[in-house]
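A short worksheet on the structure shown next.
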Amino acid sequence: MSGAFRLGLVGAGAIARSYAAAISGGGTAQLVAVADTDGDAAAAFARDTGAVPFSSHRDLAAASICDAVLVTTPPATHAAIVIDLVSRGLPVLCEKPLSITLDSARQMTQAAADNGVVLSMASKFRFVDDVIRAREMIAEGAIGAPLMLENVFTSVVDMTNRWNADARISGGGVLIDNGTHSIDIVRYFLGPITEVFAVAGPRMQPVGVEDTVTLIARTAGGAQTTVETSWSLHKDRSAFIAVYGTEGAIEVGWQGSRFRRGRAGIWEPYGTGYDKSAAFARQIDHFAAVVRGEDKPLPDAADALASVAVIQAAYRSIATGRWVPAEPDLAHSPFMEIAR
Ligand SMILES: NC(=O)C1=CN([C@@H]2O[C@H](COP(=O)(O)OP(=O)(O)OC[C@H]3O[C@@H](n4cnc5c(N)ncnc54)[C@H](OP(=O)(O)O)[C@@H]3O)[C@@H](O)[C@H]2O)C=CC1
Ligand SMILES: O=C1CO[C@H](CO)[C@@H](O)[C@@H]1O
């Protein structure tokens, strides 16, 4: 494959517009096709981007003009669309969550494996410079052994008239929505998650799904983590990730990040914080490199599947009030003995 990376897009809604803006800023990808079941949305997107419009992902695939496809439809539609696309040999980058059930997510990763094509889940925070640098510093031993990770994704978003509040389409509320980012971040920094405990807070929006969730997780490496997600509370924290280790700490912030040597040293600033468009652009360039065989998927299909498994475990924890084993192959970790 040489020349521009010809990207098709399925689902011409809000986040598709963010991708189009990021791609138009440069990089290796060119948006060549767009499919949306809403003909007006596809036509408007096509007009603004120069992509060829289609009324279904199947028609888009049949046109054979794409090297790969980005799926940006609501979560309940991901499985059927992705399975169709990978079965036609098209590599796919699918927006989060990969799917709304573990069974359907497994079918997706299996279909990709059977057809020998790349399937990755969009996880923009893996493509934020300060997040990448934080992970590198931890790998270099800058904070010693990581002991604790805190993640906070809280902001006020009115979900009352959006598909996000309809569990049949979204799979749940803020836990599957923002929590999917959180779980992938935790796994990116600390590796597999063994057990989770989650509680849903008082519901502040008149919706049929949870709008505030606190989650605690243990990792296979022995670190612990807390995740706070809300569509209804704005904690207004400057940092969205904090990792504390035996020899220091790192905070990744929205406007800039910082590093502290030792348990009570001076904070040293680094980086410039979070830039969504830059992260999207970098994610697409990385996906192009993966499809060209020049790099490995981030996250890979197993990571994406694990994120679905952990979120499902967290929902079981909310329903039962118990610790729940998270990633199936890690169900018998020593921590479960403590939890019992
Ligand atoms: N990474 C990030 O920062 C973010 C990621 N997301 C994720 O992106 C995805 C899309 O979210 P968002 O852009 O907010 O959703 P939108 O509702 O704004 O857009 C989705 C579009 O897909 C269309 N659509 C629905 N079903 C199909 C189908 N089967 N084939 C083709 N098109 C279809 C919808 O049409 P219609 O309206 O007629 O149903 C709509 O035009 C979700 O998975 C979400 O979790 C969302 C926001 C931020
Ligand atoms: O990153 C994100 C920002 O918040 C949105 C609304 O909760 C999420 O859907 C999205 O994934």
Side-chain angles (χ1 to χ4, degrees), residues 8-22 33-46 53-61 69-85 92-100 105 108 120-128 151-166 168-185 205 207 209-213 229-234 240 254 274-284 299 304 307-308 311:
L9 189 143
V10 179
I15 205 65
R17 291 283 175 173
S18 301
Y19 276 107
V34 58
D36 200 298
T37 42
D38 174 344
D40 291 344
F45 192 91
F54 294 92
S55 56
S56 83
H57 66 277
R58 290 194 192 91
D59 291 347
L60 176 147
V69 179
L70 170 63
V71 174
T72 54
T73 56
T77 65
H78 290 175
I81 293 172
V82 168
I83 290 170
D84 277 349
L85 294 172
V92 174
L93 176 62
C94 178
E95 255 303 336
K96 43 61 60 175
L98 184 65
S99 193
I100 64 171
M108 294 162 81
S120 183
M121 180 182 78
S123 191
K124 62 187 175 186
F125 293 103
R126 288 194 187 224
F127 296 92
V128 172
N151 165 240
V152 178
F153 283 142
T154 58
S155 58
V156 178
V157 197
D158 182 354
M159 290 296 192
T160 46
N161 293 311
R162 289 168 64 167
W163 57 255
N164 302 69
D166 181 346
R168 290 165 304 179
I169 301 174
S170 58
V174 73
L175 174 59
I176 192 165
D177 181 31
N178 295 71
T180 297
H181 290 301
S182 305
I183 295 304
D184 192 59
I185 287 171
Q205 295 188 35
V207 290
V209 292
E210 80 288 348
D211 59 353
T212 300
V213 167
T229 59
S230 183
W231 290 334
S232 301
L233 288 173
H234 183 35
F240 57 98
W254 298 109
Y274 170 70
D275 178 339
K276 175 174 159 182
S277 198
F280 273 23
R282 191 172 185 165
Q283 177 174 250
I284 293 294
S307 75
V308 177
I311 292 295

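Scope of the values below: all heavy atoms of this structure, side chains included, with no hydrogens, waters or symmetry mates. Counting starts at 1 for both ligands and their atoms, following the listed order. Remember, it's a predicted structure, so these values are computed and weren't measured experimentally.
Checked by distance only, ligand 1 and Ala14 come closer than 3.5 Å through their nitrogen or oxygen atoms. Considering backbone and side-chain atoms alike, Ile15 places an N or O below 3.5 Å from some N or O of ligand 1. Remark: ligand 1 and His78 share an N or O pair separated by less than 3.5 Å (distance only, no angle test).
Heavy-atom distances between Pro74 and ligand 1 reach below 4.0 Å in at least one pair.
Residue contacts with ligand 1, taken as heavy atom pairs separated by less than 4.0 Å, do not involve His57 at all. Counting heavy atoms closer than 4.0 Å to ligand 1, residue Thr72 contributes backbone atoms (N, CA, C, O) but none from C-beta onward. Contact annotation for Trp231 and ligand 2: only side-chain heavy atoms (C-beta onward) come within less than 4.0 Å of the ligand. Neither the backbone nor the side chain of Lys276 has any atom closer than 4.0 Å to an atom of ligand 1 (non-hydrogen atoms only). Both the backbone and the side chain of Lys96 come within contact range of ligand 1, each with a heavy atom under 4.0 Å.
Shown are Leu175, Ile176, Val174; of these, the side-chain contact (heavy atoms from CB on, under 4.5 Å) with Asn178 is made only by Val174.
Remark: ligand 1 atoms within the under-4.0 Å shell around heavy atoms of Ile81 are 28 (C), 29 (N), 30 (N). The ligand atoms of ligand 1 that sit less than 4.0 angstrom from a heavy atom of His181 are 1 (N). Residue His181 approaches ligand 2 through these ligand atoms, each under 4.0 Å from one of its heavy atoms: 1 (O), 2 (C), 10 (C), 11 (O). Interface of Asp38 with ligand 1, defined as ligand atoms under 4.0 Å from a residue heavy atom, comprises 38 (O).
There is no side-chain donor-acceptor pair under 3.5 Å between Asn164 and Trp231. Side chains of Ser230 and Thr154: no donor on one and acceptor on the other come within 3.5 Å.
Aromatic ring pairs are classed by plane angle as parallel below 30°, tilted from 30° to 60° and perpendicular above 60°; the pair Tyr274 and Phe240 is perpendicular.
The nearest non-hydrogen atom to atom 8 (C) of ligand 2, considering only Asn164, Asp211, Val174, Asp177, comes from Asp177. With Thr77, Val157, Leu70 as candidates, the residue nearest to atom 26 (N) of ligand 1 on a non-hydrogen basis is Thr77. For atom 32 (N) of ligand 1, the candidate residues are Val34, Leu98, Asn164, Thr37; the nearest heavy-atom contact is made by Thr37. Nearest residue to atom 1 (O) of ligand 2 from Glu95, Lys124, Lys96, Arg162 is Lys124 (criterion: closest heavy atom). Here atom 14 (O) of ligand 1 lies nearest to Trp163 when heavy atoms of Phe54, Trp163, Phe280 are compared.
Between the CD1 atom in Ile169 and the CZ atom in Arg162 there is a gap of 12.5 Å [rounded to 0.5 Å].
Protein heavy atom closest to atom 9 (C) of ligand 1, with residue, atom name and distance, is Thr73 O, 3.4 Å. Regarding atom 21 (C) of ligand 1, its nearest protein heavy-atom neighbour is Asp36 OD2, 3.6 Å. Among protein heavy atoms, atom 4 (O) of ligand 2 sits closest to Asn178 ND2, 3.6 Å.
When side chains are defined from C-beta on, His78 counts as touching Thr73, because their heavy atoms get closer than 4.5 Å.
There is no protein heavy atom less than 4.0 angstrom from atom 37 (O) of ligand 1.
The side-chain contact (heavy atoms from CB on, under 4.5 Å) check on Ala41 picks up Ala12, Asp36, Asp38, with sequence neighbours excluded.
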